[in-house]
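Atoms considered below: every heavy atom in the structure, side chains included; atoms not considered: hydrogens, waters and symmetry mates.
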Amino acid sequence: MSRIGKKPVAIPSGVTATIEGKQLSVKGPKGTLAMPLRDEISYTVEGDGISVQPANKTKAARAFWGMQRTLVQNLVTGVTEGFTKTLLITGVGYRANSQGKNLKLQLGYSHDVDFAIPEGITIATPDNTTINITGNDKQQVGQVAAEIRRWRKPEPYKGKGIKYAGEFIFRKEGKKK
C-alpha cells in the first residue's frame with residue numbers, strides 16, 4: 001500500500017483540473033500543464049482534490065500508484081507556484097550572463113558557451129556566479145539545470161565548476177609534499 005498514493009491531491013482555489021480521454025489537464029494562474037494517464041491507475045477529480053487509486057490489484061498498478069500521485073501533485077504545484085533551481089558557479093574567471101533567449105557562460109574554455117533557453121523556462125542571473133532557473137514544469141526545470149551543469153561539473157580538488165545550491169562536493173586533499 002502506498003502511503004503517498006492514499007492522500008488526495010488538494011486543488012487550491014483558482015485551479016481547475018479536467019480529465020479528457022487519456023489526459024489530465026490542470027489550469028492555474030501560471031499556465032496549463034497536462035500529463036498522460038496510465039491504464040493501471042484510476043484518477044477521479046472531486047470538488048476539492050484529485051484522487052489517485054490503483055485500477056486493479058496487479059503488482060504494476062501498486063508500483064505506479066505513488067509515483068502517479070506525485071506527478072499529479074507536481075502539476076498542481078507547477079501551475080500555482082512554479083519550480084526554481086539555483087546553480088552556483090565557482091572558479092576564477094567563470095561567469096554567466098543572461099542575454100535575451102541565450103545564456104552566455106564563460107567556463108575557462110577557449111570559447112564562450114551559448115546555451116539556448118527553451119520555451120517555458122526563464123533564466124535569471126542576479127550576479128555573475130548565480131543562475132536561477134524557473135518554470136512551471138518540474139522535469140523541464142531539472143533537465144535544463146542538469147544540461148547547464150554538464151558544461152563544467154565541480155571538480156573534487158578546488159571545487160571549481162557549476163554546482164546546485166546546497167550540493168555537497170566531496171573534496172580530496174591533493175598531493176602531499
Side-chain angles (χ1 to χ4, degrees), residues 2 4-5 7-41 43 45 49-52 63-90 94-107 109 111-154 161-169:
S2 172
I4 293 173
K7 301 177 191 169
V9 177
I11 300 175
S13 62
V15 176
T16 58
T18 57
I19 295 175
E20 299 157 356
K22 291 282 186 187
Q23 189 122 343
L24 171 68
S25 298
V26 180
K27 185 176 183 182
K30 289 198 178 256
T32 303
L33 290 176
M35 75 175 233
L37 301 180
R38 303 269 326 178
D39 293 331
E40 298 91 352
I41 305 295
Y43 307 82
V45 178
I50 303 170
S51 175
V52 179
F64 285 121
W65 185 13
M67 181 64 177
Q68 290 298 308
R69 191 256 181 217
T70 303
L71 291 175
V72 171
Q73 176 66 52
N74 287 344
L75 292 182
V76 173
T77 305
V79 298
T80 55
E81 304 166 19
F83 295 99
T84 301
K85 285 231 182 233
T86 303
L87 298 174
L88 303 174
I89 301 174
T90 307
Y94 290 8
R95 302 189 272 286
N97 189 10
S98 179
Q99 299 172 341
K101 281 302 209 176
N102 282 330
L103 177 69
K104 187 182 234 37
L105 299 167
Q106 295 174 343
L107 301 171
Y109 296 120
H111 60 285
D112 292 348
V113 175
D114 287 329
F115 182 80
I117 300 172
E119 195 69 35
I121 296 291
T122 57
I123 294 182
T125 51
D127 57 47
N128 286 339
T129 60
T130 306
I131 303 170
N132 291 331
I133 304 163
T134 309
N136 57 5
D137 186 1
K138 186 174 186 177
Q139 192 276 331
Q140 189 181 20
V141 169
Q143 183 66 37
V144 168
E147 288 173 6
I148 293 172
R149 183 182 184 270
R150 191 170 44 200
W151 281 103
R152 181 71 84 179
K153 290 182 182 173
I162 303 173
K163 68 174 187 170
Y164 297 112
E167 179 184 10
F168 174 75
I169 305 300

How close do [X] and [Y] get, heavy atom to heavy atom, and via which atoms?
X: Val113; Y: Trp151; answer: CG1-CE2, 3.4 Å
X: Pro29; Y: Gly14; answer: CD-O, 4.0 Å
X: Pro154; Y: Lys163; answer: CG-CB, 3.7 Å
X: Ala10; Y: Val76; answer: O-CG1, 3.7 Å
X: Gln140; Y: Pro118; answer: NE2-CB, 3.9 Å
X: Leu37; Y: Gly21; answer: CD1-O, 4.2 Å

Hey, does the side chain of [X] reach the backbone of [Y] with a donor-acceptor pair shorter than 3.5 angstrom?
X: Asn74; Y: Lys138; value: no
X: Ser98; Y: Ile123; value: yes
X: Tyr164; Y: Arg149; value: no
X: Trp65; Y: Val52; value: yes

### Message
For Glu119, is the CD atom crowded, meaning more than 12 foreign heavy atoms sit under 6.0 Å from it?
### Response
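No, because the 6.0 Å sphere around CD of Glu119 holds 12 heavy atoms or fewer from other groups.
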### Query
Around Lys101, counting heavy atoms of other residues, nucleotides and ligands shown, do more than 12 lie under 6.0 Å from its NZ?
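Yes, NZ of Lys101 has more than 12 neighbouring heavy atoms, counting only those of other groups under 6.0 Å.
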What distance separates [X] [atom1] from [Y] [atom2], expressed to the nearest 0.5 Å?
X: Ile148; Y: Leu105; atom1: CD1; atom2: CG; result: 6.5 Å
X: Ile41; Y: Leu71; atom1: CD1; atom2: CG; result: 10.5 Å
X: Glu147; Y: Leu103; atom1: CD; atom2: CG; result: 12.0 Å
X: Tyr94; Y: Ile89; atom1: OH; atom2: CD1; result: 10.0 Å
X: Leu107; Y: Arg95; atom1: CG; atom2: CZ; result: 10.5 Å
X: Leu33; Y: Thr77; atom1: CG; atom2: OG1; result: 10.5 Å

### Message
My understanding is that only residues two or more places apart in sequence, or in another chain, count here; which of them pass side chain to side chain contact (heavy atoms under 4.5 Å, CB included) with Thr86?
### Response
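Thr86 satisfies side chain to side chain contact (heavy atoms under 4.5 Å, CB included) with Thr84, Leu88, Thr130, Asn132, Ala165 once adjacent residues are dropped.
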#### Entry: Residues in ring-ring contact (aromatic ring centres under 6.0 Å, His included) contact with Phe168, at least two apart in sequence or another chain
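Partners of Phe168 under the ring-ring contact (aromatic ring centres under 6.0 Å, His included) test: none.
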### Message
Under the criterion side chain to side chain contact (heavy atoms under 4.5 Å, CB included), I'd like the reasoning laid out for Met35 against Val72: C-alpha separation, chi angles, the key distance, then a yes or no.
### Response
CA-CA 8 Å; Met35 75 175 233; Val72 171; 4.0 Å; yes
### Query
Any side-chain heavy-atom pair from Leu75 and Ile50 closer than 4.5 angstrom?
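A side-chain contact is absent here, since even the closest heavy-atom pair is not under 4.5 Å.
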#### Entry: Ile133 and Ile121: CA distance, side-chain angles, deciding distance, side chain to side chain contact (heavy atoms under 4.5 Å, CB included) verdict
CA-CA 7 Å; Ile133 304 163; Ile121 296 291; 3.8 Å; yes
### Message
Please evaluate residues Thr90 and Ile169 with respect to the criterion side chain to side chain contact (heavy atoms under 4.5 Å, CB included), reporting the C-alpha separation (whole Å), side-chain torsions for both, the decisive distance (0.1 Å), and the verdict.
### Response
CA-CA 12 Å; Thr90 307; Ile169 305 300; over 6 Å; no
### Task
Applying side chain to side chain contact (heavy atoms under 4.5 Å, CB included), run through Arg69 and Val9 and close with a yes or a no.
CA-CA 7 Å; Arg69 191 256 181 217; Val9 177; 3.8 Å; yes
